Number of protein chains: 2
Amino acid sequence: MAQITLKDIAKALNLSPSTVSRAMRDHPAISKKTRKIVKDYAEAHKYKPNRLALQLRTNKNNTIGVIVPEIVHYFFSTVLDGIQQETESEGYNLLISHSNEDYEREVKCVETLLDARVCGILVSQSKTTVKYDHFQEILDNNVHLLFFDRICTGINTDKVVVDDYAGAFTAVEYLIESGCRNIAFLGSVPSMPISNNRRMGYEDALRKHKIAIDKKLIEVCDTVELAKKVIPEMLKLDPVPDAFFCINDEVAAYCIQIAKSLGFMVPEEVSVCGFTNSYITEVTYPRLTSVDQYGVEMGKVAARLLINRIEGREKKEGVVSRVIKTELVVKESTKPVQSIAQRY
Amino acid sequence: MAQITLKDIAKALNLSPSTVSRAMRDHPAISKKTRKIVKDYAEAHKYKPNRLALQLRTNKNNTIGVIVPEIVHYFFSTVLDGIQQETESEGYNLLISHSNEDYEREVKCVETLLDARVCGILVSQSKTTVKYDHFQEILDNNVHLLFFDRICTGINTDKVVVDDYAGAFTAVEYLIESGCRNIAFLGSVPSMPISNNRRMGYEDALRKHKIAIDKKLIEVCDTVELAKKVIPEMLKLDPVPDAFFCINDEVAAYCIQIAKSLGFMVPEEVSVCGFTNSYITEVTYPRLTSVDQYGVEMGKVAARLLINRIEGREKKEGVVSRVIKTELVVKESTKPVQSIAQRY
DNA sequence: GTGAAAGCGCTAACAT
DNA sequence: ATGTTAGCGCTTTCAC
């Protein structure tokens, strides 16, 4: 009942374990006949090589770890999907863990993964992380490390990010060209590069169109809870914002709900734009305009790069940064723009 | 730079590997002094026991595998979240894979997990799976197997399911009590127990209230694509359905969109009820009434049961079935019911 | 209280 | 073309 081993086969066939080992792996020195006998026997008895033994020998296990802030999260799910497709086709196993946006848990995740002796780790940093010792420890253990999306600027290693700046710039410019002038920016904490980069894109779009930047229109608002507090407040401002550029689709979806419940017409009076282009954008009313982040693609690129590093296939010596392009997907929560709709 | 081993410590301290091993694990035969020396040295040099070696020795790796049909899926994400919480706190690693609702891929997932020599597997079956040899193979390999949600009726093993029947019955009865009489059932393929059980609940609720069951109101419609085809057709029926009880929130959300776009008022003319109570229910307009499935709880229960099996802690000999209760969460896509709103 | 030796399943260097 | 031996890192008899 228990799994059969190489030794068992050797004994049964009156061969040595090494011969069996070689036969199984088509070593040229083994005769065709022996090879066939061994393989037939192995197949008949459902022999499976013991990965653990292999791994112990090579002191290398073909497992990659991932740390995401959340699992119940559209964008990260898509990235995980991409990572899985890539790791699977390359024969790697995937250990997935999530920090729940908590620094302490993130540290624990790192420890668990190092403990499991993964050969590489993909990380999207938690919102609350401000110390990087645990990431440094990964490198100290000679384990490959790559950040994606929520990168850590304090550690010099490979990164894959979305083109947050361009995504924001394009979206905000679209809002401007559709006639909006008081565009609010609902972002995340300033320590997050993705938020800062989008804010730069937002500000530069305003500048390009000679619109003054109004601090009152810039707020941290990256969760549903914050949305319920921040958005009603902003809608009391004078002049009232005529557009909201949101850090994610959830906040944007709530923004639509809140604006409508306060009597504003969307998009006629208030335009709303999200970020991610999750399926939520199809079921809001009106359907949500959003910036697609191509999560699956990001996951694939990140995993491929990490695997290349692990296998020593990446030629570039220094740190590599890859950027995934974004795309503004115009739906119904923003006003139309004449004639340039296809520019994006 | 490379990880330090027991042997290294032994050599450095002029001890034997076995003494070091014992000292590290507080073996009583080792003197306090030696223990301290060893532990201090280990700490100072960041010794980490090599899991792979441990696993090879015990021929047991503390890894659990999961197969879900999809990762980018609210309900399964919540289940994974629950599974992870539980496995992590019990010191198990988690290997997550997804079948993408494809039988072939599911078979491959099983092979990969068996290959990785996991000690237990949690499965939610793909929609297209009709042969069960790969599941049987798990058992043949003496690996523990547990189905959750999308159970496989062809294999006799532990299961954790949602109370689909009661969830459907309660929801449909609510629709009836709110005044609906032509209630459509948008389900999944008949081979799926979750769909059949809900249909039983649906039919029994109708029967209880002496409403005839109309086959024209029962359709397979479990994806967005199908929703776009099926729902407009049904809304052309005479009499037109005054309610839709949907197999998941996505179909329900599209149902709202479609009904509204065809000029029906929701919920006044057409009520819509989903299943899962994902965050999507908060951003549809009107907000979606849905049956909460408590995915995190399901994940925790499933993982705990499996771990109990693995560790021989589960006293019950035969197959165990656990049922997670559901809860109807009334929002705005259904009409109000007087005085009994709190019954649920 | 500590050490020597064997072995988990596999492979690779070194025989023959 | 095949066998012997040693060793990956660890634990666990069995000795002393």
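Lettering follows sequence order; numbering is per chain, from 1. Please read these numbers as outputs of a predicted model, since none were measured by experiment.
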* Asked: Could you give the CG-to-C1' distance, from B:Leu6 to C:dA5, as a whole number of Å?
  -> 16 Å
* Take atom CG of B:Leu54 and atom C1' of D:dG9, then tell me their distance rounded to the nearest Å. => 9 Å
* Between A:Glu314 and A:Lys316, does at least one N-O distance fall below 4.0 Å, as a salt bridge requires? -> no
* What is the nucleic acid contact for B:Ser18, judged by heavy atoms within less than 4.0 Å: base, sugar-phosphate only, or nothing? -> base
* Separation of atom NE2 in A:His27 from atom P in C:dC10, rounded to whole Å -> 17 Å
* Asked: With a 4.0 Å cut-off on heavy atoms, is A:Leu52 in touch with a base, just the backbone sugar-phosphate, or nothing at all?
  -> nothing
* Rounded distance in Å - CG (B:Leu56) to P (C:dT11) -> 12 Å
* Describe the nucleic acid contact of A:Asp8 in one word from base, sugar-phosphate, nothing, applying a heavy-atom distance below 4.0 Å. => nothing
* To do: Between C:dC8, D:dA1, C:dC10, spot the one nearest the side chain of A:Thr34, thanks.
  => D:dA1
* Structure fact -> Pairing string of DNA chain C (Watson-Crick or G-U wobble, both atom distances under 3.5 Å; | = paired to other strand) is ||||||||||||||||
* Asked: Are A:Arg105 and B:Glu88 within salt-bridge range, i.e. N to O under 4.0 Å?
  -> yes
* Structure fact -> Here the distance between atom C1' of D:dC8 and atom CZ of B:Arg57, to the nearest Å, is 14 Å
* Asked: Do NZ/NE/NH1/NH2 and the carboxylate oxygens of B:Lys131 and B:Glu137 come within less than 4.0 Å?
  -> no
* **Check: A:Tyr74 ring centre within less than 6.0 Å of B:Tyr74 ring centre** => no
* Asked: Charged N to carboxylate O under 4.0 angstrom, A:Arg304 versus A:Glu86?
  -> yes
* **Of B:Pro28 and A:Lys7, the one whose closest DNA chain C nucleotide lies more 5'** => B:Pro28
Atom pairs under 3.5 Å: protein N/O with N/O of nucleotides 14-16 of chain C:
none

* Structure fact -> The nucleotide from C:dT11, D:dG9, C:dG3 with an atom nearest the side chain of B:Ser16 is C:dG3
* In terms of the angle between their ring planes, are B:Phe75 and B:His73 parallel, tilted or perpendicular, with boundaries placed at 30° and 60°? -> perpendicular
* Asked: Any chance the rings of A:His134 and A:Tyr103 have centres within less than 6.0 Å?
  -> yes
